[in-house]
Amino acid sequence: KAGVTQTPRYLIKTRGQQVTLSCSPISGHRSVSWYQQTPGQGLQFLFEYFSETQRNKGNFPGRFSGRQFSNSRSEMNVSTLELGDSALYLCASSTAPQINYGYTFGSGTRLTVV
Amino acid sequence: AQSVTQPDIHITVSEGASLELRCNYSYGATPYLFWYVQSPGQGLQLLLKYFSGDTLVQGIKGFEAEFKRSQSSFNLRKPSVHWSDAAEYFCAVGAVSSGSARQLTFGSGTQLTVLP
């Protein structure tokens, strides 16, 4: 059974550009969450999608957005990139948006903003 | 709001020694608690989780954790550490509201170094 797949693994972008990251959940998983990991702030929740609807959102500016498709794959977009957006972005999938179902994380996309 | 504290930023142990990583949480109701491990450049792997019932939970790779409500703690233990256990360990709490919880709050992590 394939795990959570995130693409690309590494990305370098310039300040002011925008970027789109992709996450394919485990087959059968319909809930996808996104987390940002930085040395300074640690792991922070970005948002969660279930059935193509955003169900929960963390404390991030509107430059961070996402969506989920009918096949449960999800994308997150960051517009007008800032140096501080450099981070490891982790996607996690779950059967449903309930904590007791557990989350499986992907290996992440390492974004570097220069 | 919930929070998680991992008091030890870095721990060094010798291979074969026992290990205990500390985790304290703050949450008003019964928490859902997790321990994850992250190797360099990798995502998070779930070691174990506590939802209810027996307060001593067993996980993968020989890890266990004990939930102590009176101390608001969920410490991770392993009787004998292997060199491959060197990694960063994260404790997390998931809050439940209105029947479902939709995010994890993580501690800042504990970096484990294993000496040969």
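Numbers restart at 1 for each chain; the letters A, B, ... are given by sequence-line order, proteins then strands. Note that the coordinates shown come from a computational prediction; the quantities given were computed from them, not determined experimentally. Side-chain atoms are counted along with the backbone in the values below, which use heavy atoms only and exclude waters and symmetry mates.
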Original post:
Would a line drawn from the ring center of Y103(A) to the ring center of F34(B) be shorter than 6.0 Å?
Top reply: no
Subject >> Interface moiety of Q6(A) toward chain B, non-hydrogen atoms closer than 4.5 Å >> reply: neither
Subject >> I12(A) atom CD1, over 12 foreign heavy atoms within 6.0 Å >> reply: no
**OP:** Please name the pair of heavy atoms, one in G41(B) and one in R9(A), separated by the smallest distance, quoted to 0.1 Å.
**Re:** O-NH2, 3.0 Å
Original post:
Say you draw a straight line from CD of Q44(A) to CZ of F106(B); how long is it, rounded to the nearest 0.5 Å?
Top reply: 11.5 Å
Original post:
Hey, quick one: are V4(A) and Y49(A) part of the same hydrophobic cluster, counting side-chain heavy atoms closer than 4.5 Å, chains of contacts allowed?
Top reply: no
**OP:** Please check if Y89(A) and L81(A) belong to a single hydrophobic cluster, counting links between Ile, Leu, Val, Met, Phe, Trp and Tyr side chain heavy atoms closer than 4.5 Å.
**Re:** yes
Original post:
Does one hydrophobic cluster hold both I11(B) and I9(B), with members joined at side-chain heavy-atom distances below 4.5 Å?
Top reply: no
Original post:
Which is it for T104(A) and L46(B) under the side chain to side chain contact (heavy atoms under 4.5 Å, CB included) test, yes or no, and what are the steps along the way?
Top reply: CA-CA 7 Å; T104(A) 302; L46(B) 179 65; over 6 Å; no
**OP:** State yes or no: do Y35(A) and L46(A) share one hydrophobic cluster built from I, L, V, M, F, W and Y residues joined by side-chain heavy-atom distances below 4.5 Å, directly or via other members?
**Re:** no
Original post:
Is a side-chain donor or acceptor of Y36(B) paired with a backbone partner of F105(A) at a separation under 3.5 angstrom?
Top reply: no
Subject >> Part of Q38(B) lying under 4.5 Å from any heavy atom of chain A >> reply: side chain
**OP:** Indicate, with yes or no, if V32(A) and F50(A) share a hydrophobic cluster defined by side-chain heavy-atom contacts under 4.5 Å among Ile, Leu, Val, Met, Phe, Trp and Tyr.
**Re:** no
Original post:
Where is the tightest heavy-atom contact between L88(A) and Q42(B), given as atom of each residue plus distance?
Top reply: CD2-O, 4.2 Å
**OP:** Pick one of side chain, backbone, both or neither for L43(A), based on which atoms fall under 4.5 Å of a heavy atom in chain B.
**Re:** both
Original post:
If contact means a heavy atom pair closer than 4.5 Å, which residues of residues 62-70 of chain A contact chain B?
Top reply: none
**OP:** Tell me, yes or no, whether the heavy-atom count around L83(A) atom CG, taken from other residues, nucleotides or ligands under 6.0 Å, exceeds 12.
**Re:** yes
